[in-house]
Amino acid sequence: MSIEDRVPVGVDTTRPSVARVYDYMLGGKDNFAVDRQASEMALQVTPDGPLAARANRGFLRRVVRHLVAEAGVRQFLDIGSGLPTQGNVHEIAHQVDPQVRVVYVDSDPMVLAHGRALLDSSPMTTVVHADARDPEQILANPDVQSMIDLDQPVGLLMLGILHHLGDDEDPAGVATVYRNAVPSGSYLALSHFHHPGDSQPEAARKALVVEKIFNQTLGTGRWRQRDEILGYFGDFEMLEPGLVPLAEWRPDHDDEPSEQTDTYYTFVGGVARKP
């Protein structure tokens, strides 16, 4: 039975979704024709899009492993988590400590349906259906409050989410609410589409073309400049090597060399600690 034959309740198959487009880029099967069409339009400009999606997953893996194994974080709030795929936060964290608690948050009803089915057997994880643009609602959610102790350090994950908030939706203000909610010793990990400007003119040109495609198909997507992205970390203290192309954030010795070309400088990430 194909995914088209088993559509979860509440899923609109006539419009592409961010979570399903990302799933397609990662080679997943939880997407529809409309998602694949939107993806293929972007891939005509930047054919290495799937490599960028995988680079983001690699960044997630390295960040979570660092925060659990070296920074001692034992709870994560994953905002805009997307569809479950290989190497989820709880799977990475539980390789180090099976008692790490993880809350996934996403607004896509398909994420909710698939996430709950996947996590039924994992008492240390839960998935919450909520909109990242409403941090107060998320922080007040009973499932979040039962899993996340805001008196203890939190790993706040905002990978690939703020670039889907338009300028008029105050992404800086949204990020500030999340940062203010977590205690000293917490960490913010963030990845974001990046407009590299004059330093990489051809990459910058393609970024603007893909941004236009995303807004025509998904209705969302902003490739922001470095200073804007750094602003989302507020006064948190950046960990080395700072805000960098995803493949450059503490690569593992066994990582394969990145084959990204068009998207290498247009998807960046970093991690910072709340003093």
Side-chain angles (χ1 to χ4, degrees), residues 18 22 42 45-46 48-49 51-53 55-56 58-60 62-63 66-67 71 77-80 132-135 154-182 184-215 218-251 258 260-275:
V18 171
Y22 188 47
V45 182
T46 53
D48 65 342
L51 295 175
N56 196 43
F59 174 67
L60 171 69
R62 298 191 302 275
V63 166
H66 170 77
L67 293 184
L77 184 59
D78 186 359
I79 307 297
R133 296 169 295 186
D134 193 352
V154 177
L156 180 59
L157 306 177
M158 302 188 72
L159 273 61
I161 184 64
L162 288 177
H163 55 227
H164 290 298
L165 272 64
D167 295 342
D168 60 337
E169 294 174 307
D170 191 19
V174 169
T176 297
V177 175
Y178 288 117
R179 290 197 317 270
N180 289 345
V182 298
S184 175
S186 295
Y187 291 81
L188 169 61
L190 188 152
S191 65
H192 197 292
F193 292 155
H194 175 231
H195 185 298
D198 294 340
S199 65
Q200 298 289 335
E202 180 60 12
R205 183 191 69 80
K206 291 186 176 182
L208 291 177
V209 175
V210 177
E211 181 179 85
K212 183 177 180 180
I213 292 171
F214 266 49
N215 280 274
L218 290 169
T220 177
R222 282 283 281 113
W223 274 248
R224 295 187 169 99
Q225 297 191 4
R226 179 179 181 83
D227 287 347
E228 286 184 274
I229 301 170
L230 282 171
Y232 299 143
F233 291 98
D235 62 355
F236 282 26
E237 299 167 346
M238 294 294 295
L239 274 59
E240 291 294 336
L243 184 68
V244 293
L246 298 175
E248 296 181 16
W249 198 90
R250 304 193 179 193
S258 176
Q260 285 178 259
T261 53
D262 300 317
T263 63
Y264 187 85
Y265 294 101
T266 60
F267 205 172
V268 296
V271 182
R273 182 181 184 276
K274 186 168 186 175

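Remember, predicted model here, so these are calculated numbers, not experimental data.
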Determine the interplanar angle of the His163 and Trp223 rings, folded into 0 to 90°, and report it as parallel if under 30°, tilted if 30 to 60°, perpendicular if over 60°.
parallel

Is the Phe214 ring parallel, tilted or perpendicular to the His164 ring (thresholds 30°, 60°)?
parallel

Distance, nearest 0.5 Å, that separates [atom1] of [X] from [atom2] of [Y]:
X: Leu243; Y: Arg226; atom1: CG; atom2: CZ; result: 4.5 Å
X: Glu169; Y: Leu162; atom1: CD; atom2: CG; result: 11.0 Å
X: Glu228; Y: His194; atom1: CD; atom2: NE2; result: 9.5 Å
X: Leu159; Y: Leu60; atom1: CG; atom2: CG; result: 5.5 Å
X: Ile229; Y: Tyr232; atom1: CD1; atom2: OH; result: 7.5 Å
X: Arg273; Y: Leu188; atom1: CZ; atom2: CG; result: 13.5 Å

Can you establish whether the number of heavy atoms outside Asp198 located under 6.0 Å from its atom CG is more than 12?
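Result for CG/Asp198: open.
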
For Arg133, I'd like to know if atom CZ has over 12 heavy atoms of other residues, nucleotides or ligands within 6.0 Å.
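For Arg133, atom CZ is not crowded (no more than 12 foreign heavy atoms under 6.0 Å).
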
Using side chain to side chain contact (heavy atoms under 4.5 Å, CB included), reason through Phe236 and Val182 one step at a time and then give a plain yes or no.
CA-CA 11 Å; Phe236 282 26; Val182 298; 4.2 Å; yes

Between [X] and [Y], which heavy-atom pair has the shortest distance, and what is it?
X: Trp249; Y: Arg62; value: O-NE, 2.7 Å
X: Ala207; Y: Thr266; value: CB-CG2, 4.1 Å
X: Pro171; Y: Gly166; value: CD-O, 3.3 Å
X: Pro241; Y: Arg250; value: CD-CG, 4.1 Å
X: Phe59; Y: Ser191; value: CE2-CB, 4.1 Å
X: Gly270; Y: Met238; value: CA-CE, 4.2 Å

Pairing of Asp167 and Arg224 as salt bridge, 4.0 angstrom limit:
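Answer for the salt bridge query: yes.
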
Verdict with supporting geometry, Tyr187 and Leu239, side chain to side chain contact (heavy atoms under 4.5 Å, CB included):
CA-CA 10 Å; Tyr187 291 81; Leu239 274 59; 4.0 Å; yes

Any side-chain to backbone donor/acceptor pair from Tyr178 onto Ala132? Under 3.5 Å, distance only.
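Judged by distance alone, yes, a pair lies under 3.5 Å.
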
Lys206 side chain vs Thr46 backbone, donor-acceptor pair below 3.5 Å:
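Answer holds: no.
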
Just by distance, no angles: are the side chains of Glu202 and Tyr265 close enough, under 3.5 Å, to form a donor-acceptor pair?
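Absent: no donor and acceptor within the cut-off.
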
Thr263: side-chain hydrogen bond (donor to acceptor under 3.5 Å, both in side chains) partners, not counting sequence neighbours
Asp48, Gln260

